[in-house]
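Side chains included, hydrogens not; waters and symmetry mates left out as well; all remaining heavy atoms used. Throughout, residue positions are numbered sequentially from 1 according to the sequence presented.
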Amino acid sequence: MVVTKPFLYIEDEFQRNRAEWILGYSCLSAVSASQNVLPKFGVATINQVSEEVFSYLSPLDLTKNNDALLALLWRYRGKMDFYVVNCLNILLEIIVENDFLSEYMFNTDPPTYEYARFTDWFRPYLLKELEKARRSMAYRHSTKKEESVVKCFSYLELYESKLRKYERRLQGLPEEETAPAKTEENEETGYGEPEAVIQSYPKRYIVGCTRKVEEIFKEERDGIVVTVHKIFMEYAESQPTSSRNLTLPSYAFYNCKLDSEEYDRRNYQQHIKNFGGEEQAESTEDQFDR
């Protein structure tokens, strides 16, 4: 990954393209629609909050194996941890030294609804790996791993400082703030209370069930038909805590599955007729509180 550093640092109109080629871009999980079935997104495609709702794709990956760097890091945590820690070390070093790449990562969607951004899983993951390495200090491999994790934390502190300044700038606030003194718990974990909601700006949202689909454009030329649809979805503000999401009670997934099955049984055209007069979808909270 070190060889990609000068490539990612080139500042021109293609810098974002290169970031997408190497790091990947986030894509919401979806189940394609057919004539009689509405498409499913987000909560409707998973069974629990820890399941992946965003994947990370590279435009250069023609095999569709999801081999962008961000996808590989998420896929191999817990399986090839020494590799993942070393890659995180290099990745964090690269992004903290470049404002464009820092902002690119700030705005990359989280892998699951437990988090607000992709990078939110770094700190709890590294804390676990540090604890594992210290329990196995008799092994030379663990010593190297501990050194790598400690180095990761030094870069992560710089990254999180840039993130706080970036979000304050977006809100029109002074970049520098007077932070309250850290408690011992905060000093150790960086997260405070276990159920504390991870704050983010702009706000993040959870996508629920599809409510209706409207065709807004259709054109045929030289035997090729292009059709554009507008999809009406349920949504709610996300409240991730790194272990769950306070917006999503356990029965939310069950309700989404029931709604999806109900939609699947309906004729597609009849569904559009039934919901055609609605201007907007019901909120997720109304749906989940039933």
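Two rings, from Phe106 and Tyr159, have their centers less than 6.0 Å apart.
In this structure, Ser200 and Arg117 have side chains that are in contact, with non-hydrogen atoms separated by less than 4.5 Å. Side-chain atoms of Phe118 and Ser26, non-hydrogen and from C-beta on, never get closer than 4.5 Å to each other. In this structure, the side chains of Val49 and Thr112 stay at 4.5 Å or more apart for every pair of heavy atoms. Side-chain contact between Trp74 and Ser55 is absent, with no heavy atoms from C-beta onward closer than 4.5 Å.
With 3.5 Å as the limit, one finds no donor-acceptor pair spanning the side chains of Asp99 and Tyr166.
Atom CZ of Phe14 is surrounded by 12 or fewer heavy atoms from other residues, nucleotides or ligands within 6.0 Å.
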>> side-chain contact (heavy atoms from CB on, under 4.5 Å), that's the test. Do Thr247 and Glu237 meet it? Break it down for me.
In response: CA-CA 7 Å; Thr247 303; Glu237 184 178 335; 5.5 Å; no

>> Between Tyr125 and Leu88, is the side-chain contact (heavy atoms from CB on, under 4.5 Å) condition met? List the steps.
In response: CA-CA 11 Å; Tyr125 171 77; Leu88 284 178; 4.0 Å; yes

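Both the sub-6.0 Å distance and the 45° axial angle are not jointly satisfied by Lys145 relative to the ring of Phe82.
Of the residues Arg169, Lys162, Lys165, Arg16, the one that meets the salt bridge (charged side-chain N to carboxylate O under 4.0 Å, His left out) test with Glu103 is Arg169. Residue Leu91 forms a side-chain contact (heavy atoms from CB on, under 4.5 Å) with just one option from Thr119, Val96, Leu23, and that option is Leu23.
Using modelled atom types, one side-chain atom of Gln15 and one backbone atom of Leu8 make a donor-acceptor pair closer than 3.5 Å. When atom types are taken as modelled, the side chain of Arg18 and the backbone of Phe7 share a donor-acceptor pair closer than 3.5 angstrom.
Between Glu157 and Arg123 there is a salt bridge, since a side-chain N of the basic residue sits under 4.0 Å from a carboxylate O of the acidic one.
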